[in-house]
Structure formats: C-alpha cells, structure tokens
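Written out below as structure tokens is the structure these notes cover.
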Amino acid sequence: MDIMYKSTRGDAGLYTSSAAIIQGLAKDGGLFVPQKFPVADFKIEDLCGMDYKETAYTIMKLFLTDFTEEELRTCIDRAYDDKFDTKVIAPINEADGAYFLELYHGATIAFKDMALSILPHLMSTAAKKNNLTKDIVILTATSGDTGKAALAGFADVKGTKIIVFYPKDGVSPIQKKQMITQKGSNTYVIGVNGNFDDCQSGVKSIFSDNDLASRMSSKGIMFSSANSINIGRLVPQIVYYFYAYTQLVKRDAIKVGQKVNFTVPTGNFGNILAAFYASRLGLPVNKLICASNENRVLFDFFDTGIYDRKRKFVLTSSPSMDILISSNLERLIYHICGNDSAKCASLMNMLSSDGEYKIDEQMREAVGMFWAGYSDEDKTMQTIKRVFDSSGYLIDPHTAVAAGVYFDYRNREADTTPTVIVSTASPYKFAGTVTRAIDPSLVSDDDLETADRLSKLSKVPVPFAVTSLKNAKILHTTTCEVKDMKDTVKSVLA
Ligand SMILES: *Cc1c(COP(=O)(O)O)cnc(C)c1O
C-alpha cells in the first residue's frame, strides 16, 4: 500500500513521503499526516529477534513507501552507527519500579538524535528522488536540544545549509556551548532575544512568506524544516516504542501481547505522538502518560478540553519542555476529530486569533488513552534525588519531570501495568541541576567541573559529547531581536 501525505488543514494536495519530508510544513500552514494510516505487516513476535536497525526498517518502510528498500536501509545504516555510544542504541534500565528507556546515547546526548541522525539522510535521498537541484536551507527553532542535534546531523552535508535560532537566555550553559562551538561551513547559529515560542513563531512566519520563498527560489535555494513537525522526524521516533517493548519481552518483564504504559516528558508533543502512532500500528499500550513541567498547557488541555496558550511562559530546569504552543498536538487534533481537516483548521485558527480553542465531548473521549500530569520545579528536583538515592541511577531534569508524574500516577491510579519512562537527555547535559538536586555542595560555577564531580559521586562516566566541550572553540556569536529574524536569514544567505 502506498502511503500519501496530506495537510491537517484542508489543502487537498497529496504528497509522497519524500516530497513531504522535503517540504516540511504544508503550504496552508498545516502539518503533513498520512492520508490513510498504514497497517502493520508484522507481528510483535517477529520484532523480538531484531536489532535496532532491523526494527527501524520494519517500521519506517510502512510510512516511507516511496523509498526503495536500498535507499531506506542506507539511511538507517548511516544514522544508527557508532555515533551512538552503545550498539543497543536505546537501552533500558530498571530503577525505582520503572523502566527507563535511554534515548540519549547519540552524538548530542539527547533524544533528538534518534530522529536527527537520520533526517539529513532521508532529506538528501528525498531530494535526489525528486530531481531537486536547489540547495536545501534548514531553518530550525530550538529550545536547546533540537538545535545541536540538527547542526550535528546536517554539518557539511552537501547541498544543505542549516540556520538555528535559539532563545539567547533560555538554554543550559552546556546546550549553548554545544551549539556555538558547532563546526561545519554550512552551519549558522543565532541567539534570539526572546523565548522558544518567539523563535518558533519567527521561523514559521519565514516559512509562510511566499514572497521570500520565490525570491530564494530564483537564487536556487529552498527552505525546509528539521523541527519535529517534519514527518521525517516523527516516523523514526515510532521505532523505539516497538524496540522498548521487545526489550521488555526479552528480559521477561512482559509477555507478548501484554499492555505497557509509556510516560513521556512532553514539550512540542512529537515524542508522545510517535507513541500514539505506535499504538495505532498495534503496539499494546495501556496509557500514554503525558508529563509537563510548570508550563502545563498540555496538562490543562487534557484536564479541561481547553487549549489555552494565554499564560505566563515559565523558564524551568527542563528547557526543552518550556513550550506553550505544542505544534504536534495539531496532528492528534486532526486524528481525533475524525480526520476532519476543516474542523482542525478552524481550531488552529482560533488558537492563533484568540489564543485558545476547546474540543468537543467526542474528541475528549477519543483521547481517553492519554493521562496527563505535571511536575513543578521542587518536585523535579526531589525526583532526581529520590531516584538516585533509591537506585544510584542518574536522571536529567526532563526525565525527572516524567518520573515524578509517573510516581503520582502510580499512587493515584494504583495501576501496576509495567511502565516505560522515556528518558530524553543525559544527566550530564544538565549537570548543574542534577548535582544541585543530589548534593548542592558539589556544584561548581563551571558546569564541566560539576560534571566531573557528579561522575566521581555516581560512578557514571561523563560522555564524550560533554568532555569534548572543554577545549572547543566558540565559532558562532551572532544574536538578533525577534523582529529581525527574517533579515538575519536574508543576510546569511546573501
Ligand atoms: C525535545 C525534548 C523533549 C520534548 O519532546 P517533544 O517531542 O517536543 O514533546 C523532552 N526532553 C528533551 C531532553 C528534549 O530534548
């Protein structure tokens, strides 16, 4: 079955998967979704003997139907190689009565590597397939982790340039250092005087500027996106939900067919949407537990049926989840209103004109599989300490938001279903916060020194991605105001 993609907002055009990957966002501002949802051609049993790459091929081929087997396998081979510091790619660790799925063993030690290691390969393959001769310019807004993972993925990839906008004062010192030391003659990193939502809205408005697009087109340039709205990011993320499940089967934690919960620390709703897609493909899922930090717009949404972005933006210790407009939620909205793109478009228009929308009873019933919670800053710190004290296991603040919400869920709902906590960053990416939670006396002004001390205490080694920052040269110093983002792009590409 060929899977074609269409917009969530009504544009009737149908796109192949490769065309949707190149374009990123639909022309009407909607997100690409499969016109018909693929049907699994495998049994879970079949996946149990597979390694990560084989699992990836089995899942991804269902969605990327216009890629040949050779093309897709080559992309997968190039992505999930020794850039990851373990052959398992996404190992599971048991602690405090839960299974932690570690998605942070890639080049930039955050879960974004899972998709951004493969996206550049999918994109350059897609460009070739579509006889594209233009240079692809990736525009990315980042709350910290996407930026570095995208820079690392696209650096020196022929026929591409990448421009990353990050909130100047809204990322961790290590995240910032990772980005501004990025090598590659095709990489541009720009600090914006604003928050992540400002960066994201700025990038969206550059994308929807048709005038600019046609001017760039005549210069042989086209824009695309590496943000989690790209279907080429979403599809690779479905893989590790199946892979986590088969690992639990292998370690006899569950029997094939038994349901599990996934708890996902959520910002833009990409990761947890991939879990939802996995369940639609037949993965036995009981609850998808959506964990927010103090920016609890998603908690309120699941609680009340009202999505309301009109609230104060809070900077937290889990910056990659400091988001008030969860872009990927639009895909869930589209699916739960019965793939009704007119209805989806009208809700999204309300969001941009009134700052809020409300879903009806039927749609609320359709999200019954989701359970939502949030963790405030104190609780997040306590959870880091609790897990370390009980198991000697280090978790980063994002993972701790999820763990804290899961412990609440377990207490309140008395649900004993085996649960996977999706672990999205290495504790060393946020060494200052993690150490402050465990033993504040070890915190130094220098995050790299703090990381060393935390390692001595925990016996967990500091990953190369952090140690290599010590002597890295700063290569990017450009900053701009929110209103000047478009001009900055123009001058970079001039
Ligand atoms: C991006 C990110 C998240 C949020 O994932 P979404 O797909 O945006 O919901 C959580 N934790 C970390 C460490 C991240 O980098």
Side-chain angles (χ1 to χ4, degrees), residues 31 100-117 119 140-152 164 166-167 170-172 174-175 178-179 196-197 199-200 225-231 233-238 240-241 262-278 288-293 295-299 301-302 316-332 370 372 374-375 380 384 395-405 421-431 433-434 465:
L31 275 56
F100 289 80
L101 173 66
E102 297 181 356
L103 300 181
Y104 52 77
H105 289 272
T108 74
I109 57 174
F111 107 92
K112 303 290 194 293
D113 288 326
M114 300 305 296
L116 282 165
S117 308
L119 182 70
T140 293
T142 185
S143 53
D145 290 327
T146 300
K148 178 61 185 183
L151 287 161
V164 168
Y166 71 95
V171 300
S172 87
I174 288 184
Q175 286 179 316
Q178 279 187 310
M179 287 192 278
F196 171 67
D197 285 321
C199 296
Q200 182 158 261
S225 153
N227 271 88
S228 64
I229 48 178
N230 194 308
I231 197 84
R233 287 247 336 247
L234 188 56
V235 170
Q237 292 178 178
I238 301 168
Y240 48 74
Y241 288 100
F262 289 99
T263 307
V264 186
T266 298
N268 227 349
F269 211 76
N271 202 355
I272 198 167
L273 184 78
F276 178 69
Y277 276 16
L288 294 176
I289 301 168
C290 174
S292 301
N293 65 21
N295 294 292
R296 40 178 262 196
V297 61
L298 286 166
F299 167 76
F301 168 71
F302 283 111
T316 73
S317 58
S318 44
S320 301
M321 299 161 66
D322 290 345
I323 288 173
L324 293 180
I325 303 172
S326 293
S327 303
N328 267 295
L329 186 67
E330 178 167 347
R331 287 192 168 106
L332 183 71
F370 289 85
Y374 72 97
S375 178
T380 301
I384 293 171
I395 56 175
D396 95 291
H398 302 78
T399 307
V401 166
V405 167
I421 293 173
V422 176
S423 308
T424 49
S426 161
Y428 289 107
K429 198 157 190 175
F430 302 93
T433 307
V434 173

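Starting from 1, each residue takes its place in the sequence as its number. Just so you know, ligand 1 is whichever comes first in the structure, and atom 1 is the first atom listed for that ligand.
- Ligand 1 lies nowhere less than 4.0 angstrom from a heavy atom belonging to Ser228.
- Side-chain atoms of Gln175 and Asp145 include a donor-acceptor pair closer than 3.5 Å.
- Contact atoms of ligand 1 toward Lys112: 1 (C), 2 (C), 3 (C), 14 (C), 15 (O) (distance under 4.0 Å to a heavy atom of the residue).
- Under 4.0 angstrom from ligand 1, there are no non-hydrogen atoms of Lys429.
- The shortest N or O to N or O distance between Gly270 and ligand 1 is below 3.5 Å.
- Residue, atom and distance of the protein heavy atom nearest to atom 12 (C) of ligand 1 are Thr424 OG1, 3.3 Å.
- Summarising the contacts of atom 9 (O) of ligand 1 with Pro319, Ser320, Gly267, Cys290, the nearest heavy atom is found in Gly267.
- Shown are Val171, Asn293, Asp197; of these, the side-chain contact (heavy atoms from CB on, under 4.5 Å) with Asp322 is made only by Asn293.
- With ligand atoms numbered from 1 in the order given, ligand 1 contributes 12 (C), 13 (C), 14 (C), 15 (O) to contacts under 4.0 Å with heavy atoms of Asp145.
- Close contacts between ligand 1 and Phe111 involve ligand atoms 1 (C), 2 (C), 3 (C), 5 (O), 7 (O), 14 (C) [criterion: under 4.0 Å to a heavy atom].
- Residue Asp396 has no N or O atom closer than 3.5 Å to an N or O atom of ligand 1.
- The shortest N or O to N or O distance between His398 and ligand 1 is not under 3.5 Å.
- Remark: ligand 1 and Ala110 share no N or O pair separated by less than 3.5 Å (distance only, no angle test).
- Shown here is Phe269, whose CZ atom has more than 12 heavy atoms of other residues, nucleotides or ligands within 6.0 Å.
- Taking the ring centroids of Phe370 and Phe276, they lie under the 6.0 Å cut-off.
- Side-chain atoms of Thr266 never come within 3.5 Å of backbone atoms of Ser292 as a donor-acceptor pair (strictly under, hydrogens ignored).
- Judged by distance alone, the side chain of Lys429 and the main-chain N or O of Thr108 form a donor-acceptor pair under 3.5 Å.
- Contact detail for Ala465 and Ala107: the closest heavy-atom pair is CB-O, 3.4 Å.
- Remark: ligand 1 and Ala425 share no N or O pair separated by less than 3.5 Å (distance only, no angle test).
- Of the possible polar contacts, one joining the Arg233 side chain to the Ala226 backbone as a donor-acceptor pair under 3.5 Å is found.
- Between Asn268 and ligand 1, at least one pair of N/O atoms sits closer than 3.5 Å.
- Counting the atoms of ligand 1 from 1 in the order shown, those under 4.0 Å from a heavy atom of Thr266 are 9 (O).
- When hydrogens are left out, the protein atom nearest atom 7 (O) of ligand 1 is Asn271 N, 2.8 Å; that is the closest non-hydrogen contact.
- A donor-acceptor pair is defined here as one N or O able to donate and one able to accept, closer than 3.5 Å; such a pair exists between the side chain of Lys148 and the backbone of Gln178.
- Under the 30°/60° scheme for interplanar angles, the aromatic rings of Tyr240 and Phe111 are found to stand perpendicular.
- With a heavy-atom cut-off of 4.0 Å, Phe269 touches ligand 1 through its backbone alone.
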